[in-house]
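To keep things clear, I will list the structure first and then write my remarks on it.
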Amino acid sequence: MSKTVAKAVHVLETLAGAPKTVAELARELGVHGSTALRMLQPLADGGLIARGPDGRYRLGFRLVELGQQVLEEMDLRAVARPHLISLADATRSTVHLAQLVDDQIVYVDKIEGAASIRTWSRIGRAVPLHTAAASKVILAALPADHRDRLLSAHAFTRYTERTITGEAEFRDHLVEVARLGYATDQAEFEPLVHCIGVRIPDVTGQLLAAVSLTTVRADTNLPELGSLLGQVRDTATAIAVALGHQAG
C-alpha cells in the first residue's frame with residue numbers, strides 16, 4: 001500500500017471513531033495541523049469525509065453509498081445466480097448479469113450455455129456501452145444527466161459493420177429501447193454474436209442491472225431470439241422479486 005493511500009485509510013479509520021477537528025486529528029496522527037489539513041482536503045473533495053457546522057470532520061455519505069453498492073452487488077449476484085443458471089439451461093445459451101458500478105457497466109456474472117461458443121465477455125469486464133444489449137437497457141433507464149455524462153466521455157468505436165458509431169444515432173436508439181423495454185445486440189460487437197437484454201425491474205430506480213442472453217449464429221434476422229424475450233423478461237422479474245424489489 002502506498003504511503004498516500006495508507007494515510008488516507010488512517011484518516012478514515014480515525015474519523016470512524018468520532019468526528020474530530022483538524023487539531024484533534026493532527027494530534028492523533030502525530031502530524032502538524034497544516035499536514036492534517038492537506039490530508040483531509042482530497043477526502044473531502046471526494047465526499048468521503050465532510051466538515052460539520054461545529055468544525056469537526058466526520059465520515060461522508062459517499063462512503064455509505066459505496067458500502068451499500070458493494071452489498072447490493074454481492075446480494076444481486078448471489079440471488080440472481082440460480083435464475084441465470086435456469087435460463088441458460090432452458091435455452092442452452094450464454095446468460096449475463098450486468099450492473100452499473102460507479103460510472104461503468106460491468107458484467108458481474110456469466111453462465112456459459114451448453115451450446116455456446118466462448119465469447120469476449122468476462123466477469124468484472126466493462127460492457128461496451130454502445131453495443132451490448134445489457135448496457136443499452138441500463139443506459140435507457142438512467143437519469144438524463146447521468147446518461148449524458150457517460151456518453152459524452154465514450155468513444156463510439158466501430159467493431160463490426162453493424163456497430164452504431166454516432167452519438168446522436170445511438171441516443172435515438174436508446175429512446176426506442178426505452179419504448180420497447182428491451183434491447184438487442186445484432187452482431188454489433190462481435191460477428192455472429194447476437195444478444196437480447198432486459199433490465200431487472202425496480203420502481204425505486206436504485207437497482208441498475210440487466211439480464212442478457214447470447215446466441216452465436218450467422219443469421220442476422222434472429223426471429224427465434226425475439227421468441228426468447230419472454231424467458232429473459234421472466235428471469236429479470238424473478239430476480240427482482242427475489243431481491244424484494246417491486247417488479248412493476
Measuring from atom [atom1] of [X] to atom [atom2] of [Y], what distance do you get when rounded to the nearest 0.5 angstrom?
| X | Y | atom1 | atom2 | answer |
| --- | --- | --- | --- | --- |
| D54 | T21 | CG | OG1 | 9.0 Å |
| L97 | L76 | CG | CG | 4.5 Å |
| K7 | L40 | NZ | CG | 12.5 Å |
| L43 | L15 | CG | CG | 8.5 Å |
| L63 | R58 | CG | CZ | 13.5 Å |
| D185 | T131 | CG | OG1 | 5.5 Å |

Are the side chain of [X] and the backbone of [Y] linked by a donor-acceptor contact shorter than 3.5 Å?
| X | Y | answer |
| --- | --- | --- |
| S135 | L129 | yes |
| T35 | V31 | no |
| K20 | A18 | yes |
| T160 | A187 | yes |
| R162 | Q186 | yes |
| R147 | L142 | yes |
| T163 | E161 | no |
| R77 | V108 | yes |

Test ring pair (Phe, Tyr, Trp, His ring centres under 6.0 Å) applied to F170 - qualifying residues, sequence neighbours left out: F156
Of the non-hydrogen atoms in [X] and [Y], which two are nearest, and what is the gap between them?
| X | Y | value |
| --- | --- | --- |
| I105 | L139 | CD1-CG, 4.2 Å |
| P19 | R56 | O-CD, 3.8 Å |
| A133 | G197 | CB-N, 3.4 Å |
| R38 | P42 | O-CD, 3.0 Å |
| A98 | A134 | CB-CB, 3.7 Å |
| A126 | V106 | CA-CG1, 4.0 Å |

Between L48 and L59, does a side chain to side chain contact (heavy atoms under 4.5 Å, CB included) hold up when you go through it step by step? CA-CA 6 Å; L48 300 178; L59 298 182; over 6 Å; no
So, Y159 versus H130, ring centres under 6.0 angstrom or not? yes
Test side chain to side chain contact (heavy atoms under 4.5 Å, CB included) on I85 and D89 and set out the steps. CA-CA 6 Å; I85 292 173; D89 288 346; 3.6 Å; yes
Please determine whether a side-chain nitrogen of the Lys or Arg among R171 and E169 lies less than 4.0 Å from a carboxylate oxygen of the Asp or Glu. no
Could you tell me if the side chain of [Y] sits less than 4.5 Å from the side chain of [X], heavy atoms only?
| X | Y | result |
| --- | --- | --- |
| I111 | T94 | no |
| V95 | T214 | no |
| T165 | T157 | no |
| L84 | I239 | yes |
| V232 | Y182 | no |

Side chain to side chain contact (heavy atoms under 4.5 Å, CB included) assessment of K136 paired with E188: CA-CA 12 Å; K136 291 177 184 178; E188 296 165 41; 2.8 Å; yes
For H96 and D109: C-alpha separation, side-chain torsions, deciding distance, then whether side chain to side chain contact (heavy atoms under 4.5 Å, CB included) applies. CA-CA 6 Å; H96 293 94; D109 208 351; over 6 Å; no
Knowing that exactly one of L151, L100, L208 qualifies, which makes a side chain to side chain contact (heavy atoms under 4.5 Å, CB included) with H146? L100
Walk me through whether D102 and R62 qualify under salt bridge (Lys or Arg N to Asp or Glu O under 4.0 Å). CA-CA 11 Å; D102 294 328; R62 180 60 177 153; 3.3 Å; yes
Dump the intermediate steps for side-chain hydrogen bond (donor to acceptor under 3.5 Å, both in side chains) on H83 and D234, then the final yes or no. CA-CA 9 Å; H83 300 283; D234 289 346; over 6 Å; no
